[in-house]
Q: 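This is the structure I have questions about; it appears just below.
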Amino acid sequence: MRFVKDAGPSITPVSYPARVAPLPEDRPAEEAPPEGPADEGLRGEGERIEMDATRARRSFFGMQAEEEQAPYPTLIPVEKRPQKVAIDLVDAIREIKTSANEKKRNFTETVEAHVMLGVDPRRGDQMVRGALTLPHGTGKTVRVAVFAEGPAADEARAAGADVVGGDELIEEIRTGGGKLSFDKCIATPMYMPRLSKVARILGPRGLMPNPKLGSVTNDVSGAVKAAKSGRVDFKIDKTAIVHVGLGKINFSDENLRENIGAFVHALLLAKPVGLKKTSKYVGYVKKFTLSSTMGPGFPVTIPSLSAAADHYNNSKVQAS
């Protein structure tokens, strides 16, 4: 055993060479890989960009012409118009006349009132509508049509009605293609069911007779005279605004003031009962603007309107 031990093969330890990652410059040069579809797409995109740049530098007759480049869209700030300050009623009438005289029109402009009310027109209990007879008229000729027969028709003709008729007048309106030869309609109560045939024609134009406005009555003579003397109907639209004409621009300042006072008084009488505010104007009349037919608007102060309405009411009481 000793002999075998001493005569056995000697085993020497094995050493492995150290591995070090080669640097980029030590790597052998390799062949470039073939171009794939992605590289071809990039090259095609580059060629397209160069072609667009060349097309933008076209030359006409040997002169270089650069195409205009559209600017990048930006947001433009909206400039708000400064709101006009409310002025006295007398001053507003003078401003309207001055503006109308500067712009010489081929017709006599109408003085209009536009009133923004604090009501909800979608609610039936807050509907505002009414009628009044202006003290100095509207300044225009009103053509009145009366639906009546027999003695009532004779009274209407004697009072100055322009068109008087019954069933034949209804048929003429129905087949007339929307052409009407009158501005106001008055009817006796017996003709109201028959007017349903032309309600779609008269209703949108505000010509449908209404008992609340006094245009459905047996007193045909008085209704015709009131319409001829300057009776005005008013009603709020879908935006809770009342639009009404109150005279011509050639009226005197005092006559216009009295007409406006009469309208404000009628507007207060038509105030809905269910409105919460207790004051006559607060919460009801939000903005009152006067203007001519083609002129700018002028806001009017509420105290001056209240004074004009009180003046009209006092003069009416004294006259009665």
Side-chain angles (χ1 to χ4, degrees), residues 113 115 117 119-135 137-138 142-174 178 180-238 240-246 262-275 284 313 316 320:
V115 190
L117 301 178
V119 298
D120 187 359
R122 296 172 296 179
R123 297 179 54 180
D125 60 341
Q126 293 192 8
M127 179 61 63
V128 177
R129 66 187 309 167
L132 75 150
T133 301
L134 297 177
T138 59
V142 180
R143 298 169 297 177
V144 181
V146 178
F147 296 93
E149 61 183 9
D154 297 335
E155 291 181 11
R157 292 188 184 95
D162 299 279
V163 182
V164 180
D167 295 334
E168 71 280 0
L169 180 57
I170 295 176
E171 188 65 21
E172 180 182 348
I173 295 173
R174 191 177 67 84
L180 303 177
S181 58
F182 48 85
D183 305 312
K184 296 283 184 181
C185 282
I186 298 172
T188 55
M190 64 174 295
Y191 265 93
M192 283 306 296
R194 307 180 193 180
L195 288 177
S196 60
K197 299 178 181 179
V198 292
R200 293 186 177 181
I201 301 175
L202 301 179
R205 306 187 185 190
L207 298 177
M208 191 68 181
N210 192 326
K212 296 181 180 179
L213 301 179
S215 52
V216 179
T217 176
N218 288 318
D219 185 12
V220 178
S221 177
V224 171
K225 291 179 181 178
K228 287 285 187 178
S229 61
R231 187 176 180 84
V232 175
D233 302 331
F234 61 88
K235 178 184 176 182
I236 58 172
D237 58 8
K238 295 180 180 179
I241 299 178
V242 176
H243 309 275
V244 64
L246 298 176
F263 167 66
V264 175
H265 178 70
L267 196 64
L268 291 177
L269 293 178
K271 182 179 179 180
V273 180
L275 214 60
Y284 180 47
N313 193 24
K316 186 178 179 181
S320 61

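Any value given below was found using the heavy atoms of this structure, including those in side chains, with hydrogens, waters and symmetry copies removed. These numbers come from a predicted model, not from an experiment. Count residues from 1 along the sequence.
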Q: Taking side-chain contact (heavy atoms from CB on, under 4.5 Å) as the criterion, tell me which of Leu117, Asp125, Val128 meets it with Pro272.
A: Val128
Q: Would you call Lys184 and Ser215 a side-chain contact if the rule is heavy atoms closer than 4.5 Å?
A: no
Q: Please round to the nearest 0.5 Å and tell me the distance separating atom SG of Cys185 and atom CG of Asn210.
A: 12.0 Å
Q: Which pair of non-hydrogen atoms, one from Ala161 and one from Val224, has the smallest distance, and what is that distance?
A: N-CG1, 3.8 Å
Q: Using atom types as modelled and distance alone, determine if a side-chain donor or acceptor of Glu168 lies under 3.5 Å from a backbone N or O of Gly166.
A: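 Yes, because the side chain of Glu168 sits within donor-acceptor range (under 3.5 Å) of the backbone of Gly166.
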Q: Where do Pro211 and Val216 come nearest, in terms of heavy atoms and distance?
A: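 Pro211 and Val216 have their closest heavy atoms at N-CG2, 3.7 Å.
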Q: Can you measure from CG (Leu169) to OG (Ser181) and round to the nearest 0.5 angstrom?
A: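 That separation rounds to 8.0 Å.
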Q: So do the side chains of Val115 and Val244 get within less than 4.5 Å of each other, counting heavy atoms only?
A: no
Q: State, to 0.1 Å, how close Ala131 and Arg231 come at their nearest heavy-atom pair, and which atoms those are.
A: CB-NH2, 3.5 Å
Q: For the CG atom of Leu268 and the OH atom of Tyr284, what is their distance to the nearest 0.5 Å?
A: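 Rounded to the nearest 0.5 Å, the CG-OH separation comes out at 6.5 Å.
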Q: Which distance, rounded to the nearest 0.5 Å, do you find between the CZ of Phe234 and the CG of Leu246?
A: 10.5 Å
Q: Sub-3.5 Å donor-acceptor pair from the side chain of Gln126 to the main-chain atoms of Val119, do we have one?
A: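 No, the answer is negative, given that no donor and acceptor are paired below the 3.5 Å cut-off.
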Q: For a quick test of reading the model, state the closest non-hydrogen atom pair linking Thr217 to Asp219 and the distance between them.
A: OG1-N, 3.0 Å
Q: Between Thr188 (side chain only) and Asn218 (backbone N and O only), is there a donor and an acceptor less than 3.5 Å apart?
A: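 A pair under 3.5 Å: no.
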Q: Could Asp162 and Lys228 be called an ion pair, given the rule that one side-chain N must be under 4.0 Å from one carboxylate O?
A: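 Judged by the 4.0 Å cut-off on N to carboxylate O distance, Asp162 and Lys228 do form a salt bridge.
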Q: Quick check for you: to the nearest 0.5 Å, what is the distance between Leu132 atom CG and Phe263 atom CZ?
A: 7.5 Å
Q: Starting at CD1 of Ile236, measure out to NE2 of His243 and round the result to the nearest 0.5 Å.
A: 10.5 Å
Q: Decide yes or no for Glu171 and Lys197: does some side-chain heavy atom of the first lie under 4.5 Å from some side-chain heavy atom of the second?
A: no
Q: What is the ring orientation for Tyr191 with Phe147, classed by angle as parallel under 30°, tilted 30 to 60°, or perpendicular over 60°?
A: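 Tyr191 and Phe147: tilted rings.
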Q: Would a 4.5 Å heavy-atom cut-off, applied to side chains only, mark Leu195 and Met192 as touching?
A: yes
